[in-house]
Amino acid sequence: YVEQPIPEVPEQPYVEQPVEEVLEEEPEEEPEEVKEPEKKGRKDLPSYMTLEGSPKSKRDFNEEERRIFASFDGIEVVKAQIVDVMEDISMDGGIGNVVLMGSLESGRKGLAIDIVRAMQIIDSRFSGKVAKITGKALNKKDIPITLGKLAGGALVIEEAGEITKDNMQIIVNTLKSEIENIVVVLEDTKAKLQPHLDITKSMKQVFNAVIDIPEYSNDDYVSYAKGYAKSLEYVIDEMGVLALYTRIGELQTLDHIASLEEVKEIVDSAIKHVDRKNMSHFMDVLFAKRYDDEDFIILREKDFITKK
């Protein structure tokens, strides 16, 4: 077996394209190129439902950030950190790289890609491709060469806690002294990434843009659902919110923690239900009950109730 080099990608303008599914890795897997998905929804989404006692963001999302991070607009503890990261992130290589810590259910993988997408838009130096690889696979590669071939772009390292101590130091040293115009995002649980931050020399300087996602409460999940719905031009009324709490509560068991993906699926199912062309749909349109004052389609309690 001969390891194939990472193919060079010609410079091209930013184009939104579907994200490819991550395939199961082979032992010598190359970093997988990430493509841009199509984004839907409005850009003028208001901030709402700030949780009491949560840290407050120093500012609201700007237009481009809101388009990308709309689902987190209601989870202030995460939004505040995203705002900070967007101010600290940099293509300079030796500073402004990202550490993203959280459980798998926290949505950290999707957020890592979203942060890179935002960087593609705001920094004109971003001219290369986006790739991702696991920490375990990266351990088997020549790290300086791998990073060098991604100059001008970004590398997302999933399960980065699997990177060995020596290889993490190589990453830091390479970014400090050899590579410019790149951003690297490390994502994993806090238990696996914090030891690297504590013991790897200069890592906190190089990876100074940090997001630590806490465990979500049911209030957080509801806030996320509201943000996700708003990004698709839907709004959840009061009785719908109560039904949503019930659905999320049903997901939370001793053996299972709800995930953001499951919350998205609940909202997607409610949207599918409200968009069905039946007599109820016709009557809502006829009596002007389908839209709110901002012309968002209203999701009601009946849209969240599952038939058993």
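Keep in mind that what you see is a predicted model, and the values were worked out from it rather than measured. Values below: all heavy atoms of this structure, side chains included; hydrogens, waters and symmetry mates excluded. Start at 1 with the first residue, then count along the sequence.
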Visitor: Roughly how far apart are N208 CG and I89 CD1, rounded to 0.5 Å?
Guide: 10.0 Å
Visitor: If you round to the nearest 0.5 Å, how far is CD1 of I68 from CD1 of I115?
Guide: 10.0 Å
Visitor: Roughly how far apart are E301 CD and T246 OG1, rounded to 0.5 Å?
Guide: 8.0 Å
Visitor: With side chains defined as the heavy atoms from C-beta onward, is the minimum distance between V185 and V116 less than 4.5 Å?
Guide: yes
Visitor: Applying the 4.5 Å side-chain criterion to the ILVMFWY set and letting contacts propagate, would I121 and I82 be lumped into a single cluster?
Guide: yes
Visitor: Assess whether a salt bridge exists between R67 and E64, defined as any Lys/Arg side-chain N lying under 4.0 Å from an Asp/Glu carboxylate O.
Guide: yes
Visitor: How are the rings of F69 and F61 set to each other: parallel, tilted or perpendicular (split at 30° and 60°)?
Guide: tilted
Visitor: With the threshold set at 4.0 Å, does a side-chain nitrogen-carboxylate oxygen contact exist between K109 and E261?
Guide: no
Visitor: Regarding D92 and R125, does a basic nitrogen lie under 4.0 Å from an acidic carboxylate oxygen?
Guide: yes
Visitor: Same cluster or not: are I266 and L232 linked, directly or through other Ile, Leu, Val, Met, Phe, Trp or Tyr residues, by side-chain heavy atoms under 4.5 angstrom apart?
Guide: yes
Visitor: A side-chain contact here means heavy atoms from C-beta on lying under 4.5 Å apart; do H273 and I305 qualify?
Guide: no
Visitor: Looking at side-chain heavy atoms only, is the closest gap between E187 and I157 below 4.5 Å?
Guide: no
Visitor: Taking the six-membered ring for Trp, are Y221 and Y216 ring centroids under 6.0 Å apart?
Guide: yes
Visitor: Verify the distance criterion only: is there a donor paired with an acceptor across the side chains of Q252 and N218 at less than 3.5 Å?
Guide: yes
Visitor: Are R117 and D114 close enough for a salt bridge, meaning some N to O gap below 4.0 Å?
Guide: yes
Visitor: Do I236 and D303 touch side chain to side chain, with heavy atoms closer than 4.5 Å?
Guide: no
Visitor: Could you check whether R59 pairs with E87 (Lys NZ or Arg NE/NH1/NH2 to Asp/Glu carboxylate O, under 4.0 Å)?
Guide: yes
Visitor: Quick test of your reading of the model: are D73 and K230 salt-bridged, counting only N-O distances below 4.0 Å?
Guide: no
Visitor: If we ignore hydrogens and angles and just use 3.5 Å, is the side chain of S269 paired with the main-chain N or O of E265 as donor and acceptor?
Guide: no
Visitor: Taking E159 first and then K136, would you say they form a salt bridge - that is, a charged N and a carboxylate O separated by under 4.0 Å?
Guide: no
Visitor: Between D60 and K79, does at least one N-O distance fall below 4.0 Å, as a salt bridge requires?
Guide: yes
Visitor: Would you say F126 and I122 are hydrophobically clustered, going by side-chain heavy atoms of ILVMFWY under 4.5 Å?
Guide: yes
Visitor: Find the distance between CE (M168) and CG (N139) and round it off to the nearest 0.5 Å.
Guide: 9.0 Å
